[in-house]
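Everything on this sheet refers to the single structure shown next.
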Amino acid sequence: MLAGAARALADGRLVAFPTETVYGLGARADNDAAVAAIFAAKGRPADHPLIVHVASLAHAAHFAAELPGVAQRLMTALWPGPLTLIVPRARQVAAAAAGGHTSIGLRCPVHPVARALLAEAAHLGVPGVAAPSANRFGRISPTLAAHVLAEFGDALLVLDGGPCEVGIESAIVDCTQRRPALLRPGSLTRAQIEEAAGEPLRSRDERSARAPGTLEAHYAPRATLRLMSREALVVALQVLGPAAAGVAVYSQIPAETLGVQGRSKPRHKLMPGNAAAAGHELFAALRELDTLGVSLIWVEQPPDTPEWEGVRDRLQRAAAA
Ligand code: TXA
Ligand code: MG
């Protein structure tokens, strides 16, 4: 299966594969036609850059015009792992994968299936694999092989690595400017990245630092998702009364204490109280709540502490959709 998948990549075909964050939809990054097939399958605008996945630090150098010191420090400390680095792109290399930008996003995943696939493909002459999350544009990222099949149908070659451990996409750090910037929070905390970088990160909150393609609205379930404080959630359910039965609730506050009983009870799923556990199940939980056929998903705002930054970011964007 793995050898066949590596061969398919080498031949310019698409392969979906597990990483520790989410499943990726991959194509060899040095083949613009293969990369174009990713954009077509996802329905993604061609100027939204893809992340190129590499087997090792040495392969990263192939795609980069230079590896700034901060990028080298981050690679050494945190690769392989759920961290993408934006660096200046080598001329004439992987232009389609980079969406035409002069920079390129590089990531060396730690998932054993991804690592084996990248190493095997590298033996066949594939320097790196461009892979966005394996979902249609704007929709919820897949954390199970079954999610990928639900998005693209079973004609696609999908390597099944079971559930993704991390569950939300990699943190992205832009290393092309004088000071590094966190463009997308992930499971690594800001403090962990800053320690490895040896300097503070600029925030994504400075508008200009938002990565191209990281839209305000993303991860859209079919139902309308609203984020609310615990207090607002309890009050809103009381106000709804019997109509609360048409709402799905995802909260850390247990169903018994939501203050709604009997036949007007909303559908409820308990959010883990631990940020890593919540990230691990987040996208599967949103998909599950979305299949209940409700028109509203009400989510309790997770804690405002550093380790929840990645989960808060994904929920805010799902709510903006
Ligand atoms: O965890 C992940 O990063 C997953 C797995 C499959 O590795 N991949 C992923 O890819 O999330 P995708 O395409 O869904 O998100 C990639 C994001 C883009 O939306 C863009 O914001 C940013 O990475 N990006 C990629 N290349 C960039 C570049 N040259 N400059 C700025 N941002 C870039
Ligand atoms: Mg994505």
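In this chain, numbering begins with 1 at the start of the sequence shown. Everything numeric in this text was worked out from a predicted model, so none of it was measured.
- Across all non-hydrogen atoms, the minimal contact from G24 to A134 is C-CB, 3.7 Å.
- Within 6.0 Å of atom CD in E199, more than 12 heavy atoms from other residues, nucleotides or ligands are found, so the atom counts as buried in its surroundings.
- Listed here is the closest heavy atom pair of P49 and A98: CB-O, 3.4 Å.
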Determine, stepwise, if the pair V299 / M271 fulfils side chain to side chain contact (heavy atoms under 4.5 Å, CB included).
CA-CA 9 Å; V299 181; M271 184 191 294; 3.7 Å; yes
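- Clustering ILVMFWY residues whenever any of their side-chain heavy atoms sit less than 4.5 angstrom apart, transitively, puts V247 in a cluster other than the one holding L292.
- Taking hydrophobic clusters as Ile, Leu, Val, Met, Phe, Trp and Tyr residues chained together by side-chain heavy-atom distances below 4.5 Å, W298 does not share a cluster with V235.
- To the nearest 0.5 Å, atoms CG (L78) and CD (E195) are separated by 9.5 Å.
- The shortest side-chain heavy-atom distance between P163 and L144 falls under the 4.5 Å cut-off.
- In this structure, L117 is not a member of the same hydrophobic cluster as L156, with clusters built from ILVMFWY side-chain heavy atoms closer than 4.5 Å.
- Side chain of R226 to backbone of E300: no donor-acceptor contact under 3.5 angstrom is found.
- Atoms CG and CD1, on L106 and I172 in that order, are 11.5 Å from each other to the nearest 0.5 Å.
- Closest non-hydrogen pair, Q252 versus P272, comes out as NE2-O, 3.2 Å.
- Residues A196 and R73 approach most closely at O-CB, 3.6 Å, considering heavy atoms.
- In terms of modelled atom types and a separation under 3.5 Å, the side chain of D174 and the main chain of A181 share no donor-acceptor contact.
- Residues E151 and R287 are paired through a salt bridge, judged by an N-O separation under 4.0 Å between the basic side chain and the carboxylate.
- The closest side-chain heavy-atom distance from S251 to H268 is below 4.5 Å.
- Of the possible polar contacts, none joining the D30 side chain to the V126 backbone as a donor-acceptor pair under 3.5 Å is found.
- Atom OH of residue Y250 and atom CG of residue L282 lie 6.0 Å apart, to the nearest 0.5 angstrom.
- For Y23 (side chain) and G161 (main-chain N/O), a donor-acceptor pair under 3.5 Å exists by modelled atom type.
- Put simply, the side chain of R184 reaches to within 4.5 Å of the side chain of R314, judged on heavy atoms.
- For the atom pair CD1 of I253 and CD of E231, the computed distance is 8.5 Å after rounding to the nearest 0.5 Å.
- Remark: side-chain polar atoms of Q72 are paired, donor with acceptor, to backbone N or O of L67 under 3.5 angstrom.
- Annotation: side chain of P180 is not in contact with side chain of E194 (no heavy-atom distance under 4.5 Å).
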I would like to know whether T21 and S170 meet side chain to side chain donor-acceptor pair (under 3.5 Å); could you show each step before the answer?
CA-CA 6 Å; T21 58; S170 59; 5.7 Å; no
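- In this structure the side chain of S141 never reaches within 4.5 angstrom of the side chain of I168, judged on heavy atoms.
- A single hydrophobic cluster is seen to contain both V166 and L286, as judged by linkage of ILVMFWY side chains at heavy-atom distances under 4.5 Å, directly or through other members.
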Could you walk me through whether I104 and V87 satisfy the side chain to side chain contact (heavy atoms under 4.5 Å, CB included) test, starting with their C-alpha distance in whole Å, then the side-chain angles of each, then the deciding distance to 0.1 Å, before giving a yes or no?
CA-CA 6 Å; I104 191 154; V87 298; 4.0 Å; yes
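- Minimum interatomic distance between V22 and P142 (heavy atoms only, all atoms of both residues): CB-O, 3.3 Å.
- With a 4.5 Å cut-off on side-chain heavy atoms, N135 and I140 do not count as touching.
- One distance of note links CZ of F152 with CG of L25; it measures 5.0 Å at 0.5 Å rounding.
- Looking at heavy atoms from C-beta onward, L289 lies in side-chain contact with K269 at the 4.5 angstrom threshold.
- In summary, of the residues considered (R190, E309, E169, R312), a side-chain contact (heavy atoms from CB on, under 4.5 Å) with P185 occurs for E309 alone.
- Shown here for T176 and S103, the closest heavy-atom pair between the two residues is CG2-CB, 4.0 Å.
- The aromatic ring centres of H48 and F137 sit less than 6.0 Å apart.
- The closest donor-acceptor contact from the side chain of S56 to the backbone of A58 lies under 3.5 Å.
- R107 has a carboxylate O that lies under 4.0 Å from a charged side-chain N of E20, or vice versa, which qualifies the two as a salt bridge.
- Atom CZ of R136 has more than 12 neighbouring heavy atoms from other residues, nucleotides or ligands inside a 6.0 Å radius.
- Of the possible polar contacts, none joining the D11 side chain to the R13 backbone as a donor-acceptor pair under 3.5 Å is found.
- In this structure, CG in L124 is found 9.0 Å from CG in L9, a value given to the nearest 0.5 Å.
- Annotation: side chain of F17 is in contact with side chain of V129 (closest heavy-atom distance under 4.5 Å).
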From CA spacing to verdict: side chain to side chain contact (heavy atoms under 4.5 Å, CB included), L50, R44:
CA-CA 10 Å; L50 308 179; R44 176 168 172 143; 3.7 Å; yes
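- By the neighbour-count criterion of 12 heavy atoms within 6.0 Å, atom CD of E165 is sparsely surrounded, having that number or fewer from other residues, nucleotides or ligands.
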After noting the C-alpha distance and the side-chain angles of L85 and W79, does the key distance pass the side chain to side chain contact (heavy atoms under 4.5 Å, CB included) rule?
CA-CA 10 Å; L85 300 171; W79 275 13; 4.0 Å; yes
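- R28 places a side-chain N or O within donor-acceptor distance of the main-chain N or O of A10, the cut-off being under 3.5 Å.
- The side-chain contact (heavy atoms from CB on, under 4.5 Å) with H111 is formed by just one residue from the set C164, P82, P18; it is P18.
- Between the side chain of R139 and the main chain of A220, a donor-acceptor pair closer than 3.5 Å is present.
- In the hydrophobic clustering of this structure, L296 groups with L237; members are Ile, Leu, Val, Met, Phe, Trp, Tyr whose side-chain heavy atoms approach within less than 4.5 Å, directly or through other members.
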